[in-house]
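Each chain gets a letter, A, B and so on, in the order its sequence line appears, and its residues count up from 1. Keep in mind the model is a prediction, meaning the values are calculated, not measured.
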Protein chains: 2
Amino acid sequence: MSRRQQLLDIAGGLFAERGFKNTTVRDIADAAGILSGSLYHHFDSKESIVDELLSTFQRDLFATYDRILAEQPDTAGRIDAIVRASFDAIDQHHNEVAIFQNDAAYLMGFERFAYLREHNRRFRRMWVGLLAEGTASGALRADLDPELTYRFIRDTVWVAVRWYRPGADVAAQTVADQYLAILLQGIAAPKE
Amino acid sequence: MSRRQQLLDIAGGLFAERGFKNTTVRDIADAAGILSGSLYHHFDSKESIVDELLSTFQRDLFATYDRILAEQPDTAGRIDAIVRASFDAIDQHHNEVAIFQNDAAYLMGFERFAYLREHNRRFRRMWVGLLAEGTASGALRADLDPELTYRFIRDTVWVAVRWYRPGADVAAQTVADQYLAILLQGIAAPKE
DNA sequence: GTCTATAGTTCGATAGAC
DNA sequence: GTCTATCGAACTATAGAC
């Protein structure tokens, strides 16, 4: 792993744990065993570090979603796979998900991070589309507001990054199983 | 309203919007139309301000929960009323809920805010108890992990503070209706 | 209750030696 | 690629006048 990548990992861990604003460049340098000035040989600013972490993550995540939607033809399979891929992201890219959840609202205030808004737009469009598909086919109950249901699902999935710890006793896909069990029964059209 | 309470409201609004660490005492003073030094006539530190906001909120919230549990005898009525009271808190005490959601993890690092941990403990004990009641009576499905289900409900309810805006087009109790509709069907024992 | 003025820290970032 | 040394800005908080 390149020195640059090592430093990205170290910074990502600190940003995820304490937040972007609460992590100083001295904290990052200390954790890497160098002095703060040396960091600027690798990155031109603290913002550049978090930018590289978030933009890479956003690109990879939507590539995964696009692949799923291309492979899965039916709505139920799509919802299942998208939720599972999201929990997998919490497991495999924990730092980036945590930073996005905790600091994206703050970072979006800067022109440089305007691209993060595209993340939210795409995610919303995808889910509202999936819910519309399900309602049209009769698989999903029709008495729910699509916008509120989308927010319910979005928040439910991503907020798990607050307590889930990779490599702990509970596996990410076990959490996905349970969440899907509640969610799918909760939004399904009732059997008459 | 006392000057002290006015300043608490102004500070609460800024803390909720930008976060505790991202709000400076100058920001608060500017919003109040005074200079930053003058704030220290009313409070001895920035931490004291957020302390007063959070401790008051925590006390009132659990008084409400205790009243509900004393008045509602059956599990279904309790779950319904607790969720509705939580959405009401998001509506009526939006600043405090947002601060708790965004900054409690950071503030708990200080001895002074150790009492916030009691908030989490009591909330968990209450919900795990409610879920156990429901499972024992057969009203709730038995295949869900109580700990994961508790986290699912906790996160689902409180994270709504991120997008819900008091006084906007959607009323808090309308949101509660929809969330309860998904949640109650999702955790209910299936009709055979 | 607010102002003027400022102390004392900590922060992100830079310049140049090694 | 890291270190030494430091700048200038921003921050919380204080002291004393009005």
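With sequence neighbours excluded, the residues that form a salt bridge (charged side-chain N to carboxylate O under 4.0 Å, His left out) with B:Arg124 are B:Glu147. Scanning for salt bridge (charged side-chain N to carboxylate O under 4.0 Å, His left out) contacts around A:Asp80 gives A:Arg84, with sequence neighbours left out. Partners of B:Asp27 under the side chain to side chain contact (heavy atoms under 4.5 Å, CB included) rule, at least two apart in sequence or in another chain, are B:Leu14, B:Arg18, B:Thr23, B:Thr24. Looking at residues two or more places apart in sequence or on another chain, you find a side chain to side chain contact (heavy atoms under 4.5 Å, CB included) between B:Tyr40 and B:Val25. A search for ring-ring contact (aromatic ring centres under 6.0 Å, His included) contacts involving A:Phe43 returns nothing, not counting sequence neighbours. Taking A:Asp30 as the reference, nothing meets the salt bridge (charged side-chain N to carboxylate O under 4.0 Å, His left out) condition, with sequence neighbours excluded. Taking A:Asp66 as the reference, A:Arg122 meet the salt bridge (charged side-chain N to carboxylate O under 4.0 Å, His left out) condition, with sequence neighbours excluded.
When DNA chain C is scanned in the 5' to 3' direction for atoms under 4.0 Å from non-hydrogen atoms of chain A, the outermost contacting nucleotides are C:dC11 to C:dT14.
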Going 5' to 3' through nucleotides 9-14 of chain D and flagging B where a protein heavy-atom sits under 4.0 Å of the base, S where only the sugar-phosphate is that close, and - otherwise, we get --BBBB
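Between the two ends of the helix from C:dG1-D:dC18 to C:dC18-D:dG1, each summarised by a five-pair axis, the helix axis turns through 10° (rounded to 10 degrees).
Within the structure, every pair that satisfies the ring pair (Phe, Tyr, Trp, His ring centres under 6.0 Å) test and touches residues 166-188 of chain A, not counting sequence neighbours, is listed here: A:Phe87-A:Tyr179, A:Tyr179-B:Phe152.
The hydrophobic cluster containing B:Val159, built from Ile/Leu/Val/Met/Phe/Trp/Tyr side-chain heavy atoms closer than 4.5 Å, also comprises A:Val159.
Using a 4.5 Å heavy-atom threshold, the side chains of A:Leu7 and A:Ile28 count as separate.
Counting non-hydrogen atoms under 4.0 angstrom, A:Leu35 reaches a base of the nucleic acid.
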